[in-house]
Amino acid sequence: MADRTYDLVLFGATGFTGSLTAEYLARHAPERMRWALAGRDRDKLESVRNRLAELDPAYSDLGLITADVTDPTSMRRMAEQARVVISTVGPFLEYGDPVVKACAEAGTDYVDLTGEPEFVDRVYLDHHATACGTGARIVHACGFDSVPHDLGVYFTVQQLPEGVPIHVDGYVRSGGSFSGGTFHSAVNAMSRGRRMLSVTRQRRAREPRPARRRVSGRAGRPHRCDDPRGWALPLPTIDPQVVARSGRALDRYGPDFSYRHHALVKKLPVAVGVVAAAGAVLALAQLSPTRRMLLSRISPGEGPGPRRRARSWFTVRFVGTAGGQRVVTEVAGGDPGYDETAKMLAESALCLAFDDNPATCGQTTTAAAMGDNLLRRLVDAGIRMRVL
């Protein structure tokens, strides 16, 4: 793809997370990288470009591409100009498919920050084969969902013996607010339980499984734990699914690999409150009037200011066992919903564009597609990853 106009195109650059990703790229992209901002509103794109030019006057002539998900021609034109496309346009079930379709057909690598399982499964059913044919790598969940968890388990597995069954538990703690887009995606997913299950079953029937190996990933069960200390609650996000797909793709995860995913809270009353709140949101999401009421509380594209983000943090503790050995690792960083997500998303795209990665194609994961290269990039960018 050396003849492409741009190494990287950021689609959705005018949104909240998109603009943070643009600022991260402006500060950390290789000096000679050819890149552009894309979106449907030219005036808003120029506003983002002007803010980047305040960081570096060289960005005053940064490329701008007008593209709209309702216009397939504009999607195709954008994808054909890029080696890698970053998409921050969500909810992805509503807006994401045209971008992936264009990239799969053009042989253009693609990354996004979705945490929507139904969208990811639909992309596999509709575009995985096309992407394999063109050589495009489709890598979802390149933000807080699911980079710390996918690469954290990848890092943990490397500390354990090879060729034996491996079990890993993940425990997530965070202090920060979620984005409007994340909230809308979560509420809409809660309202689509039957459809999501149907698509999952279709994927399971079509997707090949590894021979002579067993792999599973699921939300954990409620329990009191001592290391890390606190109350563990099931965390039914996309993360265990992503981890399991990496486990199926990589033999290093052993002949029998299992992963369980938890949220960790320190005090029992907080745990009870979290469960009650989650149950209330789930119930309200089932009916259109109450779902609209929930969604009206925050709009996609909204997010906290710099001071609030600076106080935010996350840690994910992993406890792995294999062959009689036990290892505890940790991934930690700053604001999970915005600053660190923009960092992870941008570094994932840069890794696909410039690093010598394993040979993969079609829908894949961060661990399978980029592995050690992305791990090194994130550590260099300030994400803490260590053995305790």
Side-chain angles (χ1 to χ4, degrees), residues 84-87 92 96 100 103-104 109-129 131-132 135-158 166 168 170 172 200 203-204 206-210 213-219 235 237-254 257-261 316 318 320 331 341 344-353 355-378 383 385:
V84 181
V85 167
I86 301 175
S87 178
F92 285 86
V100 182
C103 289
D109 293 334
Y110 165 96
V111 298
D112 66 29
L113 43 69
T114 187
E116 302 170 44
E118 183 182 350
F119 170 72
V120 172
D121 288 345
R122 286 186 181 278
V123 166
Y124 180 86
L125 294 171
D126 295 340
H127 305 303
H128 172 73
C132 284
R137 294 169 289 187
I138 308 299
V139 191
H140 303 287
C142 292
F144 185 66
D145 284 334
S146 297
V147 169
H149 317 102
D150 192 28
L151 289 186
V153 172
Y154 176 84
F155 175 74
T156 304
V157 166
Q158 291 179 326
I166 295 175
V168 180
V172 183
T200 298
R203 175 174 185 158
R204 190 175 299 154
R206 185 184 300 183
E207 188 174 18
R209 301 282 166 154
R213 297 177 60 233
R214 293 190 299 177
V215 176
S216 69
R218 61 187 185 278
L235 192 54
T237 59
I238 196 173
D239 306 306
Q241 299 174 31
V242 173
V243 169
R245 286 168 190 149
S246 294
R248 295 186 190 106
L250 300 171
D251 290 342
R252 179 62 179 84
Y253 285 56
F257 170 78
S258 61
Y259 175 69
R260 293 182 302 193
H261 197 51
V316 190
F318 298 96
V331 180
T341 281
M344 296 170 194
L345 184 63
E347 291 292 350
S348 296
L350 293 171
C351 189
L352 285 180
D355 294 351
D356 184 14
N357 297 301
T360 55
C361 66
Q363 190 185 84
T364 181
T365 67
T366 53
M370 294 171 273
D372 293 336
N373 289 333
L374 183 56
L375 197 155
R376 282 192 295 269
R377 279 183 169 272
L378 293 176
I383 301 293
M385 193 168 298

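In this chain, numbering begins with 1 at the start of the sequence shown. Any value given below was found using the heavy atoms of this structure, including those in side chains, with hydrogens, waters and symmetry copies removed.
- Counting all heavy atoms, side chain and backbone alike, Ser348 lies closest to Leu374 at OG-CD2, 3.6 Å.
- One finds the CG atom of Asp372 at 10.5 Å from the CZ atom of Phe155 (value rounded to the nearest 0.5 Å).
- The backbone N or O of Thr360 sits nowhere less than 3.5 Å from a side-chain atom of Arg137 that would complete a donor-acceptor pair.
- Side-chain N/O atoms of Asp112 and Ser87 include no donor and acceptor closer than 3.5 Å.
- Among all heavy-atom pairs drawn from Val139 and Ala369, the shortest one is CG2-CB, 4.3 Å.
- Counting heavy atoms from C-beta on, the side chains of His128 and Ile138 never come closer than 4.5 Å.
- For the pair Arg203/Val120, a side-chain contact is recorded, criterion being any heavy-atom separation below 4.5 Å from C-beta on.
- In this model, no donor atom of one side chain and acceptor atom of the other lie less than 3.5 Å apart for Gln241 and Asp121.
- Atoms NE2 and CZ, from His127 and Arg122 in turn, are 10.5 Å apart once rounded to the nearest 0.5 Å.
- Ring pair Tyr259/His149: centre-to-centre distance not below 6.0 Å.
- For the atom pair CG of Leu375 and CE of Met385, the computed distance is 4.5 Å after rounding to the nearest 0.5 Å.
- Taken from CG in Leu345 to CZ in Phe144, the straight-line distance is 15.0 Å, to the nearest 0.5 Å.
- The shortest non-hydrogen separation linking Phe318 to Gly170 is CD2-CA, 3.9 Å.
- Residues Leu352 and Tyr110 form no side-chain contact, since every pair of their non-hydrogen atoms from C-beta on lies 4.5 Å or further apart.
- By the 4.5 Å heavy-atom criterion applied to side chains, Arg376 and Asp355 are not counted as neighbours.
- Contact check for Asp145 versus Asp239: side-chain heavy atoms found under the 4.5 Å cut-off.
- Judged by distance alone, with hydrogens and angles left aside, the side-chain atoms of Ser258 form no donor-acceptor pair with the main-chain N or O of Ser216 at under 3.5 Å.
- Residues Ser146 and Val242 come closest through the heavy atom pair OG-CG2, 3.7 Å.
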* Let me see the working for Met344 and Ile383 under side-chain contact (heavy atoms from CB on, under 4.5 Å), right down to the final yes or no. => CA-CA 9 Å; Met344 296 170 194; Ile383 301 293; 4.1 Å; yes
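- Of all the heavy atoms in Thr365 and Ala368, the pair that sits closest is OG1-N, 3.2 Å.
- One distance of note links CZ of Phe257 with CG of Asp251; it measures 13.0 Å at 0.5 Å rounding.
- Counting heavy atoms from C-beta outward, Thr200 and Pro117 have side chains that stay 4.5 Å or more apart.
- Put simply, the side chain of Arg218 does not reach to within 4.5 Å of the side chain of His261, judged on heavy atoms.
- The heavy-atom pair separating Asp150 from Ala367 by the smallest distance is OD2-N, 3.0 Å.
- A 4.5 Å side-chain heavy-atom check between Tyr154 and Thr366 finds every atom pair outside the cut-off.
- Of the inter-residue distances, the one linking Ile86 atom CD1 with Asp109 atom CG reads 11.5 Å to the nearest 0.5 angstrom.
- Judged by distance alone, with hydrogens and angles left aside, the side-chain atoms of Glu116 form a donor-acceptor pair with the main-chain N or O of Phe92 at under 3.5 Å.
- A donor-acceptor contact closer than 3.5 angstrom links the side chains of His140 and Gln363.
- One N or O on the side chain of Arg213 and one on the backbone of Arg248 form a donor-acceptor pair closer than 3.5 Å.
- In this structure, the side chain of Asn357 does not engage the main chain of Asn373 through any donor-acceptor pair within 3.5 Å.
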